[in-house]
Amino acid sequence: MPKLRLAASAALIMSLTFQPVLLAQNPDWFPKKDMLTIGVYYYPEAWPESQWARDMANIRKLGMEFVHMGEFAWYFMEPEEGHYNFDWLEKNVDLAAKNGLKVVLCTPSATPPIWLEREHPEILMVDARGRTMQHGSREQADWSSPVYREYVAKIDTELAKHFGNDPRVWGWQIDNELSHYGRQYSYSKASTEKFRDWLREKYGSIDKLNEAWGGTFWSEMYQNFDQVEMPNPQTLVADPSPHALLDLNRWFADEAANYLKFQAGILRQYTKNQWITTNFMTLHKDVDASRLQKTLDVFTWTHYPVHGELGEGALGFRLGSAEQMGFMHDWMRSFNGLSGPMELQPGQVNWGDVNPWPLPGAIHMWIMRAFGAGARLVCTYRYRQPLYNSELYHKGLAETDGVTPSPGGREYAQAMQDVIKLRQYFDSNAQEPQAYAKRRTAFLINYDNWWDISNHPQTSRWNTVGHWMSYYRALKSLEAPIDVITPNRDFSKYPFVVGPAYQLVDEELIRRFHEYARNGGHLILTARTGQKDPHGHLWEALWAAPIYPLIGAKIPRYDVLPVGVDGHVSSAGKSYAWGAWGDVLEPDVGTQVLATYADQFYAGKAAAVTRKYGKGTVTYVGVDTLDGELERALLHRLYQDAGAAPANLDPNFLVDWRDGFWVATNFASKSEAIPAPPNARILIGQREVPPGGVAVWQEP
Ligand code: GAL
């Protein structure tokens with residue numbers, strides 16, 4: 001054992017210092033002409049060896065093109081410390097290859113084995129109440145623990161040495177939905193130490209930290225970094241400093257990214273021509289994919305659209321949310337164009353409050369939505385429905401007998417056939433239609449804003465993701481292609497930039513906004529923008545003053561209304577209700593008012609303004625309406641005025657263009673007609689698309 005330890009430490013040190021080299025995208029991983037490929041999770045360790053060959057052959061019979069294995073199998077890979085067993089996996093990789101299936105393998109770090117926890121209980125995370133998490137579930141390990149990382153380094157090294165040069169293995173997933181689920185964060189000694197190190201590095205001196213965290217308030221001063229604890233609502237009598245909380249969010253996201261980079265570094269040492277991903281969770285606030293932009297080759301996530309939420313319209317609870325699905329595609333694709341959901345729902349799930357069936361057709365629609373959004377892969381969770389343990393109500397592609405395709409299984413098979421059909425019409429020279437490209441929009445997000453608003457929302461009616469989604473829906477109803485990007489990216493290639501609730505700004509960003517608009521861009525900013533500096537402090541100036549010259553208006557006050565009281569704004573003769581946030585605006589001369597408050601003591605004051613600026617325009621929508629219809633009407637008008645010929649689709653009826661194909665997916669509860677010219681060639685579906693339906697066509 002001591003010998004093993006030494007070897008592991010050496011590997012660990014190497015991997016910690018190893019700078020992952022950005023691999024050039026390998027065109028063979030995802031041949032452009034294949035467009036989308038579909039696969040499924042399989043857990044060989046859960047089924048008798050006698051069924052492996054049959055299952056693998058049936059996966060192929062369903063049309064699947066790859067299989068995903070091994071993410072939770074640490075115990076089976078290393079049943080005892082230092083004794084590795086990959087035979088079972090080797091046999092399954094072999095069976096997969098014999099059936100023409102590519103293989104995605106995983107690092108098993110989400111599920112440490114019992115022997116490791118018993119030998120090193122210090123690797124277990126500690127929740128906010130100080131309770132050490134136990135064996136018997138997953139994500140219980142503390143990835144700040146150096147001991148845990150040492151063991152992860154060992155298993156990853158062995159796995160990568162074994163399979164890293166194996167052409168049957170296509171790519172790797174690191175961990176699974178990295179997080180501690182509802183137990184965020186780990187308040188262990190190891191995490192605390194790493195948090196302190198991060199603060200030392202960031203601030204250099206404790207005086208700077210005191211300043212940033214507002215230490216003169218309530219005598220919250222520290223004398224040295226060792227006195228600083230992770231802010232923990234369970235052990236703080238009254239409200240914590242929002243600046244400390246913001247740093248905790250940033251540290252956690254950095255630490256999660258650091259852990260993923262650490263594992264990617266190990267894989268890179270031993271793998272050849274295999275891609276690396278991790279599966280993020282849909283709209284998850286704690287782990288930020290943009291921090292991994294230069295680390296991962298492929299960006300994937302997990303998405304279960306139907307789990308009991310009502311959604312919109314009579315069928316919303318069976319169709320899922322068009323905007324959430326679209327947003328994830330447009331966010332993950334924006335990094336390098338190689339993206340797709342790694343887990344897409346195959347049928348009923350087990351973990352929602354209630355777990356209804358998706359509408360027949362909806363699963364197929366989600367896959368085709370992925371196709372339309374430019375995804376390169378879709379993988380579904382899982383092939384066989386488990387017969388025991390916590391996910392036994394979770395459907396798979398096969399029924400509980402292990403062989404009969406489930407309704408979801410049949411929809412996956414149908415989608416694969418559709419993609420194969422569409423591949424025949426693939427034209428590598430297809431150009432994005434000009435009218436569509438004219439509406440291309442950068443949707444600007446920054447996790448700092450999300451965190452800062454959540455840490456101190458000022459009104460319980462505010463919902464950051466809800467606010468984003470109002471704008472996202474509005475944009476999709478205009479038939480605008482969207483890239484969700486972070487501010488480190490170039491805005492200049494986008495005719496439109498929408499920065500919703502961009503609360504934290506710095507001089508540089510404001511300078512770039514000015515430059516963007518002056519050069520002809522159309523900038524749209526919304527409620528709460530510009531209130532604070534990057535520490536989350538208010539400006540020693542009038543409220544949100546740094547953005548006044550940009551938006552051509554002042555913001556003398558904002559208002560928020562209690563639940564049960566709705567305010568109203570009017571715009572172009574229509575009235576819209578609001579309640580969560582209303583910036584009351586005072587336009588400069590030359591700034592045009594787009595919407596006006598219709599009641600409250602500031603009736604008649606502006607709620608939304610726009611101005612020409614250089615060759616472009618700047619618009620500020622200060623009110624967050626209940627149904628987002630004002631936002632939709634205003635965006636429509638702005639795109640119209642900018643000559644971008646916006647459509648006027650139902651926001652639940654999405655129309656995308658991809659590689660020469662128009663793709664319509666209907667998340668609405670009524671049928672919708674596709675906006676295709678009479679001479680369009682309909683390849684999939686009909687002109688009239690029912691709820692949960694799809695149409696794909698080409699235009700001459
Ligand atoms: C995901 C998770 C999977 C599985 C699935 C069930 O969130 O990553 O491992 O638990 O949920 O729906």
Side-chain angles (χ1 to χ4, degrees), residues 39-47 67-76 104-112 136-141 143 171-184 256 259-260 263 277-287 289 296 298-309 317-318 320-321 324-325 328 332 339-358 362-363 366-367 370 377-398 400 406-409 411-412:
V40 66
Y41 280 56
Y42 183 59
Y43 291 94
E45 68 276 22
W47 304 106
V67 65
H68 175 292
M69 296 188 283
E71 81 201 310
F72 299 133
W74 193 336
Y75 180 80
F76 299 92
V104 179
L105 289 183
C106 303
T107 69
S109 50
T111 51
S137 176
R138 61 178 170 182
E139 288 296 359
Q140 68 269 33
W143 58 77
W172 293 84
Q173 175 186 302
I174 299 170
D175 207 274
N176 172 70
E177 291 191 328
L178 187 67
S179 75
H180 299 298
Y181 293 108
R183 299 272 180 211
Q184 228 89 293
Y259 179 57
L260 293 167
Q263 291 206 46
T277 191
T278 188
N279 56 351
F280 298 100
M281 275 184 265
T282 286
L283 285 166
H284 191 255
K285 190 160 67 67
D286 295 322
V287 181
L296 302 175
V298 184
F299 289 81
T300 66
W301 66 101
T302 63
H303 199 167
Y304 295 84
V306 170
H307 52 266
E309 280 180 10
F317 76 101
R318 295 198 191 277
S321 152
Q324 287 195 6
M325 184 169 280
M328 281 311 287
M332 294 286 149
S339 61
M342 189 57 98
E343 292 179 27
L344 184 64
Q345 186 167 355
Q348 270 171 313
V349 297
N350 65 298
W351 45 261
D353 288 339
V354 286
N355 299 289
W357 264 103
I363 294 171
W366 299 330
I367 305 170
L377 68 88
V378 166
C379 189
T380 186
Y381 193 88
R382 45 181 42 216
Y383 176 61
R384 286 183 69 172
Q385 174 161 357
L387 305 180
Y388 49 78
N389 217 318
S390 64
E391 291 183 352
L392 50 67
Y393 283 108
H394 199 292
K395 294 298 286 188
L397 296 192
T400 42
S406 64
E411 292 193 30
Y412 271 87

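These numbers were taken from a predicted model, which means no experiment stands behind them. Numbering of ligands and ligand atoms starts at 1, following listing order.
Aromatic ring pairs are classed by plane angle as parallel below 30°, tilted from 30° to 60° and perpendicular above 60°; the pair Trp143 and His180 is parallel.
Residue His394 approaches ligand 1 through these ligand atoms, each under 4.0 Å from one of its heavy atoms: 6 (C), 12 (O). If you number the atoms of ligand 1 from 1 as listed, the ones under 4.0 Å from a heavy atom of Trp351 come out as 6 (C), 12 (O). Near Tyr304, with a cut-off below 4.0 Å to any heavy atom, the atoms of ligand 1 are 1 (C), 5 (C), 6 (C), 11 (O), 12 (O). Numbered from 1 in the order shown, with element, the atoms of ligand 1 that lie under 4.0 Å from a heavy atom of Glu177 read 1 (C), 2 (C), 7 (O), 8 (O). Close approach of ligand 1 to Phe72 is summarised as follows: ligand atoms under 4.0 Å from at least one heavy atom of the residue are 9 (O).
There is a side-chain donor-acceptor pair under 3.5 Å between Asp175 and Ser109.
When non-hydrogen atoms are compared, ligand 1 lies under 4.0 Å from the side chain of Glu391 (C-beta onward) but not from its backbone. Under 4.0 Å from ligand 1, not a single heavy atom of Glu71 appears. With a heavy-atom cut-off of 4.0 Å, Arg138 touches ligand 1 through its side chain alone.
Contact annotation: the side chain of Pro356 approaches that of Val306 to within less than 4.5 Å [non-hydrogen atoms, C-beta and beyond].
For a threshold of 3.5 Å applied to N or O pairs, the pair formed by Glu343 and ligand 1 contains at least one separation below that value.
Taking the six-membered ring for Trp, Tyr381 and His394 have ring centres closer than 6.0 Å. Between Tyr304 and Trp351, the distance separating the two ring centers is shorter than 6.0 angstrom. For Phe280 and Trp301, the ring centers are positioned 6.0 Å apart or more.
For Arg318 and Trp357, the positive end is not near the middle of the six-membered ring at less than 6.0 Å and at most 45° from its axis.
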